[in-house]
2 protein chains.
Amino acid sequence: MPTINDVARAAGVSPSTVSYVLSGRRPISAETRARVQAAIAELGFHPHAGARALASSKTNVLALVAPLRVDVNVPVIMQFATAVVTAARAHNHDVLLLTKDEGTAGLERVAHSTMVDALILMDLERDDLRIPALRRLKQPSVLIGLPADHTGIACVDLDFAAAAREALGHLAAHGHRRIGLVGPSPAVYKRQTTYADRFLSGFLEASAELELRTVTHPCEPGAAGVRDCLADIDAQLPGVTALVVHNEEALRPLLDLLRASGRRVPEDVSIVTICPRDVATSMPVTLTSIDIPAHDVGTLAVETAMRLLDGRRVEYTRLLAPSLVERGSCREISPSHR
Amino acid sequence: MPTINDVARAAGVSPSTVSYVLSGRRPISAETRARVQAAIAELGFHPHAGARALASSKTNVLALVAPLRVDVNVPVIMQFATAVVTAARAHNHDVLLLTKDEGTAGLERVAHSTMVDALILMDLERDDLRIPALRRLKQPSVLIGLPADHTGIACVDLDFAAAAREALGHLAAHGHRRIGLVGPSPAVYKRQTTYADRFLSGFLEASAELELRTVTHPCEPGAAGVRDCLADIDAQLPGVTALVVHNEEALRPLLDLLRASGRRVPEDVSIVTICPRDVATSMPVTLTSIDIPAHDVGTLAVETAMRLLDGRRVEYTRLLAPSLVERGSCREISPSHR
DNA sequence: CGGCACTGTCGAAGCGCTTCGACGACCGTG
DNA sequence: CACGGTCGTCGAAGCGCTTCGACAGTGCCG
């Protein structure tokens, strides 16, 4: 493995000159630069990451703290991860993968030992214990999510409250007045994952503003959970004409159930869902949906981290505007039925 | 950020002594050790990873090269990743996440710049271009998969050929004689992902040995693909009584299709599938299946990497034995129907 | 009781890079 | 023509750790 000294010798310059060719931090004549680059190419020189980190106190590595549970939402998590890795590479950074399970200790380990320049966390809880730990680190961090007290920490996410408003607005504009929310599983609420709460409060707010009759219900996973949830909604809100579904895994059983009980989508029940685009399009009925823009969020998180590292200004709370795509699962209700 | 010198001063010893306390490579008196540890705890000292890597030529980081495509098999990939990260942490290593997209260049980048001690790759193709590149690296690598020429590189995977044999054996033992294989999508075959081929040849082999009438078919994603595939199988093998399904995403539409056409599982058609356990159990009919032991494979891959790093002997090809779990989607055929 | 093998600790070198200050060469300016 | 300012390059220090050789002290053997 050749070192910078080998390169310097081969090019007939000093090691520092090679370093400056590499970093561009000082002017180097075109001629010298060419000789150095030739030597680098010929020897196949790659700077030693550890040495570099030691000398420059920069690792060019980002930590990505992901929930590696094997349950729901795996595809979404994967999309975030993909976006983060891709964006990081575009900024010449690599990604160290940590699990949420390691908790605070994991963050401190990689931060204190200077393995990473910044951290990106997903799956934040409302009063996440990791937040105070993050504040103590010298490395900046970016959250994908919006915990309760996030002062001084950059947050990026879809604006779930706006998404709920948009979903209800869309249904209301089509004449729906009685609308049920099929929410995430109780486990998600219990974990206080913030997007669930934010969506719910947006929903309730919009419901009041638009003077709708709505009812909201968490939904246990599995066909049985969906059956119970739907039964509850029907019982509490007879004549419901539309459902907002904020629960990917419930979608399929829900559609099965509706079909089995002879309720057609959208003729008898309209549906607007919030989920990744490909989930919405892969259902037996393609669904009008609000996309979870995992790619954009992940990319933005990385970009925010880069800005922080460069000492540039950042907006500390960036909630991406939702965008609803019509796919025909929402039907106009004629005034007589309202 | 305190350094080893700060600790040394606080404990009244030399830096090298602190280092030896940390590494245990030389005997240190209990008394001194206690003093040093107290100082470490008090100052909150964490060794600088870069400095360590530079001095010791060890990074305690593993590269995990994952296919970050957002299509099928995402849950399986996630399970592998989870297992790898967890196992790596158990051996005091961290995981750097690379995408398959970076190809050979990515491997060389992290290896040449000494960011990692070893590499673990998933989703290998039959004549994977990365294999020759891996051979040139000074770091050892472990493959999850079994490409054509893997001499000198450790490989870990499920024994897909044996899995196919086991699936067919199970069906044959229940009296089935006419059996169709619903294979992965043509895209998977085209990519020459090795597990598809291995499963297929095991299937054909066992079919011949057991003197079965079988037909095999790739299966395009989506309901339409499944319909075509099933139609082809029915046409080529009238009176088929059982299906082996090696295609997770086809399972759901396949079951829907069978139900819609009045063929009950297992009364009219028996099914054995190979997929992650949770997929098999989350179907409307719980399916007799052969698990893809992502957790075991991932853990074994890490363990193999550790052995290689320690200079211990390893088996260069480890194919895990499949295990079939009965869940009632395979029915005994009475001799009269055979 | 001299010599030897440990045991426990230290000092210094060195890992490969970045960065700062220095300095000669060269330019334009007054 | 002398002077200040750039430009291009070099040398050396230093980042924080590991590791090797050295060495004082101790216990044991012959």
Side-chain angles (χ1 to χ4, degrees), chain A residues 1-37 39-40 43-61 92 109-117 138 309, chain B residues 1-37 39-40 43-61 92 109-117 138 309:
Chain A
M1 216 92 300
T3 74
I4 203 172
N5 289 295
D6 300 328
V7 173
R9 210 171 309 127
V13 300
S14 80
S16 53
T17 300
V18 177
S19 179
Y20 287 124
V21 167
L22 251 28
S23 69
R25 294 180 162 284
R26 288 214 178 159
I28 298 289
S29 69
E31 185 194 0
T32 305
R33 196 183 317 128
R35 245 182 320 135
V36 168
Q37 274 158 350
I40 289 177
L43 298 179
F45 167 72
H46 290 251
H48 186 292
R52 216 165 211 199
L54 180 55
S56 69
S57 358
K58 281 183 190 178
T59 63
N60 276 36
V61 174
N92 198 27
R109 186 169 51 77
V110 298
H112 288 153
S113 62
T114 327
M115 300 186 77
V116 301
D117 293 337
K138 68 167 196 281
L309 289 175
Chain B
M1 215 88 306
T3 75
I4 202 172
N5 290 296
D6 300 328
V7 175
R9 208 170 311 125
V13 299
S14 81
S16 52
T17 300
V18 177
S19 179
Y20 288 123
V21 167
L22 250 27
S23 70
R25 294 181 162 283
R26 288 213 177 159
I28 298 289
S29 69
E31 185 194 358
T32 305
R33 195 182 318 129
R35 238 175 332 129
V36 168
Q37 274 159 349
I40 288 178
L43 299 179
F45 167 73
H46 290 253
H48 186 292
R52 217 167 211 199
L54 181 55
S56 69
S57 359
K58 281 184 191 178
T59 63
N60 276 35
V61 175
N92 197 29
R109 185 170 52 77
V110 298
H112 288 152
S113 62
T114 327
M115 300 186 77
V116 302
D117 292 338
K138 66 167 199 279
L309 289 175

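Letters A, B, ... are given to chains in the order of the sequence lines, protein chains preceding strands, and every chain is numbered from 1. Just so it is clear, the model here is predicted, and its values are computed rather than measured.
Note: B:R52 CZ to A:M115 CE = 10.5 Å, rounded to the nearest 0.5 Å. Rounding to the nearest 0.5 angstrom, the gap separating the CG atom in B:L22 from the CD atom in B:Q37 is 8.5 Å. Here B:R35 contributes atom CZ and B:I40 contributes atom CD1; the two are 12.5 Å apart, rounded to the nearest 0.5 Å.
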Atom pairs, protein N/O to nucleotides 5-7 of chain D N/O, distance under 3.5 Å:
none

Show the distances under 3.5 angstrom between N or O atoms of the protein and N or O atoms of nucleotides 20-24 of chain D.
{"from": "D:dC20", "atom 1": "N4", "to": "B:Y20", "atom 2": "OH", "distance (Å)": "2.5"}
{"from": "D:dG21", "atom 1": "N7", "to": "B:R26", "atom 2": "NH2", "distance (Å)": "3.3"}
{"from": "D:dG21", "atom 1": "O6", "to": "B:R26", "atom 2": "NH1", "distance (Å)": "2.2"}
{"from": "D:dG21", "atom 1": "O6", "to": "B:R26", "atom 2": "NH2", "distance (Å)": "3.3"}
{"from": "D:dA22", "atom 1": "N6", "to": "B:R26", "atom 2": "NH1", "distance (Å)": "3.4"}

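Checking side-chain atoms of B:R33 against main-chain N and O of B:I28 turns up a donor-acceptor pair under 3.5 Å. Within the 3.5 Å criterion, the main-chain N or O of B:N92 finds a donor-acceptor partner in the side chain of B:N60.
Nearer to the 5' terminus of DNA chain C, by closest-nucleotide assignment, is the contact made by B:S29 (compared with the other of A:P2 and B:S29). Residue B:T32 is the one, among A:T3 and B:T32, whose nearest nucleotide of DNA chain C lies closer to the 5' end (criterion: closest heavy atom).
Residues meeting the side-chain contact (heavy atoms from CB on, under 4.5 Å) test with A:A11, sequence neighbours left out: A:V13, A:V36, A:A39. Residues passing the side chain to side chain donor-acceptor pair (under 3.5 Å) test with A:T17, sequence neighbours excluded: A:S14. Taking B:I4 as the reference, B:P15, B:V18, B:S19, B:F45 meet the side-chain contact (heavy atoms from CB on, under 4.5 Å) condition, with sequence neighbours excluded.
Within the 4.0 angstrom heavy-atom criterion, no nucleotide atom of any strand lies near A:S57. Among the atoms of the strands shown, only primed sugar atoms or phosphate atoms (P, OP1, OP2) are found under 4.0 Å from some heavy atom of A:S56.
Considering only the side chain of B:S19, D:dT19 comes nearest among C:dT19, C:dC17, D:dT19. Taking only side-chain atoms of A:I4, from C-beta outward, the nucleotide of D:dT9, C:dC17, D:dT18 with the closest atom is C:dC17. In the set D:dC10, C:dT18, C:dG14, C:dT18 carries the atom at the smallest distance from any side-chain atom of A:A55. Listed nucleotides: D:dG16, D:dT9, C:dC17. Nearest to the side chain of A:I28: D:dT9.
Between A:H48 atom NE2 and D:dC17 atom C1' the separation is 12 Å, expressed in whole Å. Regarding B:L43, its CG atom lies at a distance of 15 Å from the C1' atom of D:dG16, rounded to whole Å. Atoms CE (B:M1) and C1' (D:dG14) sit 19 Å apart, rounded to a whole Å. Taking atom CD1 of A:I40 as the reference point, atom P of C:dG16 lies 16 Å away to the nearest angstrom. B:E31 has its CD atom 11 Å from the C1' atom of C:dG8, to the nearest Å. Atom CE in B:M115 sits about 14 Å away from atom P in C:dC17, given to the nearest Å. Protein atom CZ of B:R33 is 13 Å distant from nucleotide atom C1' of C:dT7, rounded to whole Å.
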I would like to know whether B:T114 and B:K138 meet side chain to side chain contact (heavy atoms under 4.5 Å, CB included); could you show each step before the answer? CA-CA 10 Å; B:T114 327; B:K138 66 167 199 279; 4.0 Å; yes
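Between B:R25 and the phosphate of D:dT19, there is a side-chain N or O to OP1/OP2 separation shorter than 4.0 Å. Contact annotation: B:S14 does not reach the phosphate of C:dG11 (side-chain N/O to OP1 or OP2, under 4.0 Å).
Where the helix from C:dC1-D:dG30 to C:dG30-D:dC1 starts and where it ends, the local axes point in directions that differ by 50°; five pairs per end, rounded to 10°.
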